[in-house]
Number of protein chains: 2
Amino acid sequence: MSVETHPDLTKNQALVFGSLSDAGGPLTAYAILDLLRDSGFRAPLQVYRALDKLVEYGMVHRLESLNAFVACSHKGCSSHGTAAFAICEKCGVVSEFTPDKAMSLLRDWTKSEGFQLSRTTIELRGTCRQCAVPN
Amino acid sequence: MSVETHPDLTKNQALVFGSLSDAGGPLTAYAILDLLRDSGFRAPLQVYRALDKLVEYGMVHRLESLNAFVACSHKGCSSHGTAAFAICEKCGVVSEFTPDKAMSLLRDWTKSEGFQLSRTTIELRGTCRQCAVPN
DNA sequence: GCCCCGGCGTTACGTTATTACGTATGTAGC
DNA sequence: GCTACATACGTAATAACGTAACGCCGGGGC
């Protein structure tokens, strides 16, 4: 169904990724830990180690302003640019998108400054269309 | 020397802002607490309360990816757009800039989605010109 | 067999942030 | 003056987030 996209996951990595996929939204590391207690998880480090790898593989993103993690919304997580996130402060829904043009402008700035970019965080906080009171 | 820019700060707010200004770079809340023990600070909450106000006034920015705070680099903190930050992972230097064009594109996205934007986080991690090995 | 390495499990600890409660001070209305 | 209210403050306790250090295990290369 999905193209081959990631280096085979270990059991723990698969469990953590499964939790995030099933959740369909952001989870904190400790929330994941609680979800996986029945699967044998006992300590935060088990979660963090798996998350580190999943982030490295690009299958999971870290939301810095939430101290939480979310499964990448791209099917199969094939190659794609830097992700940005819109986070609704009312309902908690997170929308991922790929602001290529904006990134290009940010990269222009880094080039002019001689700054070697390794990672970009773009997070928008606000209210989603559903939650914006319509009347 | 500086134009009138902020609603008079309370003693604690002034102390915290002074610490950040003097530091010339990011500090964590607990680092500020340690700096201000001699001034009578005893508990984290004293720092966090002051920081909340300073951020609200736009005089201090929170760096989400660092869990730290930095004084706004605009003199007098007069009106300005959303700030972005380039953080050198080698030397820790933080450069603030105002990516108006990129923000405009991000706002285009929010408008098309009906997302009401309240706050934007843009943080670039990488290596600054000084720290990039030149040979 | 032997070594190395990546992943794993566990304990303990460090760091960051908040909840809850009570006190002090200023100001507006009466 | 007095009350009512809002804002700031002080303190203690605790919650939430993240990491260091240790040792074990299993698989691959030689």
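In the text below, chain A, chain B and the rest are named by the order of the sequence lines, each starting its count at 1. Keep in mind it's a predicted model, so treat the numbers as computed, not measured.
- B/Leu9 has its CG atom 17 Å from the P atom of D/dT7, to the nearest Å.
- Here the closest non-hydrogen pair linking A/Ala50 and A/Val16 is CB-CG2, 3.6 Å.
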Check your understanding: How does protein contact run along nucleotides 13-18 of chain C, one letter per nucleotide 5' to 3', with B for base contact, S for sugar-phosphate only, - for none, heavy atoms under 4.0 Å?
Key -> ---BBB
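- Paired with A/Met103 under the rule side chain to side chain contact (heavy atoms under 4.5 Å, CB included), one option of A/Asp108, A/Thr82, A/Thr98 passes, and it is A/Thr82.
- Base engagement by B/Arg49 is indicated by at least one non-hydrogen atom pair under 4.0 Å involving a base atom.
- Summarising the geometry, the separation between CG on A/Asp34 and P on D/dA15 is reported as 14 Å, rounded to the nearest angstrom.
- No side-chain heavy atom of B/Ile32 sits under 4.5 Å from any side-chain heavy atom of B/Phe41.
- Here the closest heavy-atom approach between residue A/Leu106 and residue B/Pro99 is recorded as CD2-CB, 3.8 Å.
- Contact check on A/Arg119 versus A/Glu64 returns a salt bridge, with a Lys/Arg side-chain nitrogen under 4.0 Å from an Asp/Glu carboxylate oxygen.
- As rounded to whole Å, 15 Å separates atom C1' of C/dG9 from atom CG of A/Leu15.
- Across the protein-nucleic acid pair, B/Leu33 atom CG and D/dT11 atom C1' stand 13 Å apart, rounded to whole Å.
- Remark: side-chain polar atoms of A/Arg125 are not paired, donor with acceptor, to backbone N or O of B/Ser118 under 3.5 angstrom.
- Close to C/dC8, at under 4.0 Å from its OP1 or OP2, lies no side-chain N or O of A/Gln46.
- Atom CG in A/Asp8 sits roughly 15 Å away from atom P in D/dG27 (whole-Å rounding).
- A tilted orientation is assigned to the rings of B/Phe115 and B/Trp109, their planes being inclined by 30° to 60°.
- In this structure, B/Thr10 does not reach the D/dT7 phosphate: none of its side-chain N or O atoms is under 4.0 Å from OP1 or OP2.
- A straight line from OH of B/Tyr57 to P of D/dT7 spans 10 Å, rounded to a whole angstrom.
- Atom-to-atom, CG of A/Leu54 to P of C/dG7 comes out at 11 Å; the value is rounded to the nearest Å.
- The CG atom of A/Asn12 sits 17 Å away from the P atom of C/dG6 (whole-angstrom rounding).
- Proximity of B/Lys11 to the phosphate of D/dC9: no side-chain N or O atom is located under 4.0 Å from OP1 or OP2.
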